[in-house]
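Notes for the one structure printed next.
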Number of protein chains: 2
Amino acid sequence: MDDTTATPPGALRIDPSHRDVLDQVLDKWSVSILDQLCERPCRFNVLRREIPGITQKSLTATLRRLERNGIVERRVVADRPVAVEYRISDLGKTLREPVDVVLAWVTTHQARIDRARREFDDATEAAGA
Amino acid sequence: MDDTTATPPGALRIDPSHRDVLDQVLDKWSVSILDQLCERPCRFNVLRREIPGITQKSLTATLRRLERNGIVERRVVADRPVAVEYRISDLGKTLREPVDVVLAWVTTHQARIDRARREFDDATEAAGA
DNA sequence: CAGTATCCCTGTCGATACTG
DNA sequence: CAGTATCGACAGGGATACTG
């Protein structure tokens, strides 16, 4: 059945600038940071602790990139012992829904993807052997 | 204000396996291939032509990965002069909507993102100078 | 506390050449 | 036509050390 999944006429096509935005905003660590900052504003080391596996370097780089793209806001709270707070921007809030849609897709289809992978790997191995 | 930015109760959190799927399925070339195959099944060199900038190597690698994840199906059509057809799978069709949601987000907010980038770059440059 | 600076390693990507 | 094989260039990411 060529059901209604069939490509809607107005289907979107990707172009390099789209790619560029996706790379900057949906990369390895951005989604985790987004998750965290959607819950509450956070200081640097809180984010560091809440996101297992991330290094200072990657955290700094990702925060900078998200800040540059207007997704998060950086704000110096105190300066004696320096304190910096990151919070989600209004633009960033709008990103949450699309990301959740994608994550929901992953969750929904994960079992099927895993199965596909196993079958592929088995078939490949069998052929290769 | 500790407003209603407040995470909706059911908000999704990312985990490593989600990350892994996103990397395999929303990477540099996958979306373009998805776009193309959602329109019609294609042969290797047709895809190659339709997707500007992609190399054989990347096309092969991306198609294999998508095939492994059950997103596209590979099918040998003829074998005298070898002909191979790639088509979107049922699972792949379900990926289209989430991807379109993300692309729609990019399209909607691109101007704002561009502006944010310029402002950030200007501010950074001013500070750096 | 919140970074910056450096080194190094690995994976990725493109270009090129070759094959069934 | 549809790939595979190989190589060199390069960016991303981690570990470590240092700083205002």
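All heavy atoms count here, side chains included; hydrogens, waters and symmetry mates do not.
Toward the 5' end of DNA chain C, the nearer of the two residues A:Arg64 and A:Pro81, judged by each one's closest nucleotide, is A:Pro81. Taking for each of A:Lys57 and A:Val84 the nucleotide of DNA chain C with the nearest heavy atom, the 5'-most of the two is the partner of A:Val84.
In B:Glu97, the CD atom is not crowded: 12 or fewer heavy atoms of neighbouring residues, nucleotides or ligands sit closer than 6.0 Å.
Relative to the axis of its first five pairs, the axis of the last five pairs of the helix from C:dC1-D:dG20 to C:dG20-D:dC1 sits at 50°, rounded to 10 degrees.
Among the atoms of the strands shown, none is found under 4.0 Å from any heavy atom of A:Arg80. Contact annotation for A:Arg43: backbone-only contact, meaning every heavy-atom pair under 4.0 Å involves sugar-phosphate atoms and none involves a base. Note on B:Arg74: only backbone sugar-phosphate atoms sit closer than 4.0 angstrom, heavy atoms only; bases stay farther off.
Rounded to an integer number of Å, the gap from A:Asp27 CG to D:dG13 P is 7 Å. B:Asp23 places its CG atom 12 Å from the C1' atom of D:dG12, with the value rounded to the nearest Å. Rounding to whole angstrom units, NZ of residue A:Lys28 and C1' of D:dA11 are separated by 14 Å.
Using a 4.5 Å heavy-atom threshold, the side chains of A:Leu47 and A:Leu37 count as touching.
A:Arg87 has no carboxylate O lying under 4.0 Å from a charged side-chain N of A:Glu73, or vice versa, which leaves the two without a salt bridge. A salt bridge links A:Asp90 with A:Lys93: the closest approach of a Lys/Arg side-chain nitrogen to an acidic carboxylate oxygen falls below 4.0 angstrom. Between B:Asp121 and B:Arg117 no salt bridge is recorded (no basic side-chain N to carboxylate O distance below 4.0 Å).
Annotation for A:Ile14 and B:Ser32: closest pair CG2-OG, 3.2 Å, computed over non-hydrogen atoms. Taking every heavy atom of both residues into account, B:Val84 and B:Arg74 meet most closely at CG1-CG, 3.6 Å. Nearest approach of A:Leu91 to A:Gly70, heavy atoms of both residues: CB-O, 3.5 Å.
The side chain of A:Ser58 places no N or O atom within less than 4.0 Å of a non-bridging phosphate oxygen (OP1 or OP2) of D:dG12.
Taking every nucleotide of DNA chain C with any atom under 4.0 Å from a non-hydrogen atom of chain B, the first and last of them, 5' to 3', are C:dC13 to C:dG20.
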For residues 48-57 of chain A, which side-chain donor-acceptor pairs fall under 3.5 Å, sequence neighbours excluded?
unit_1	atom_1	unit_2	atom_2	d
A:Thr55	OG1	A:Ser58	N	3.2
A:Thr55	OG1	A:Ser58	OG	3.2

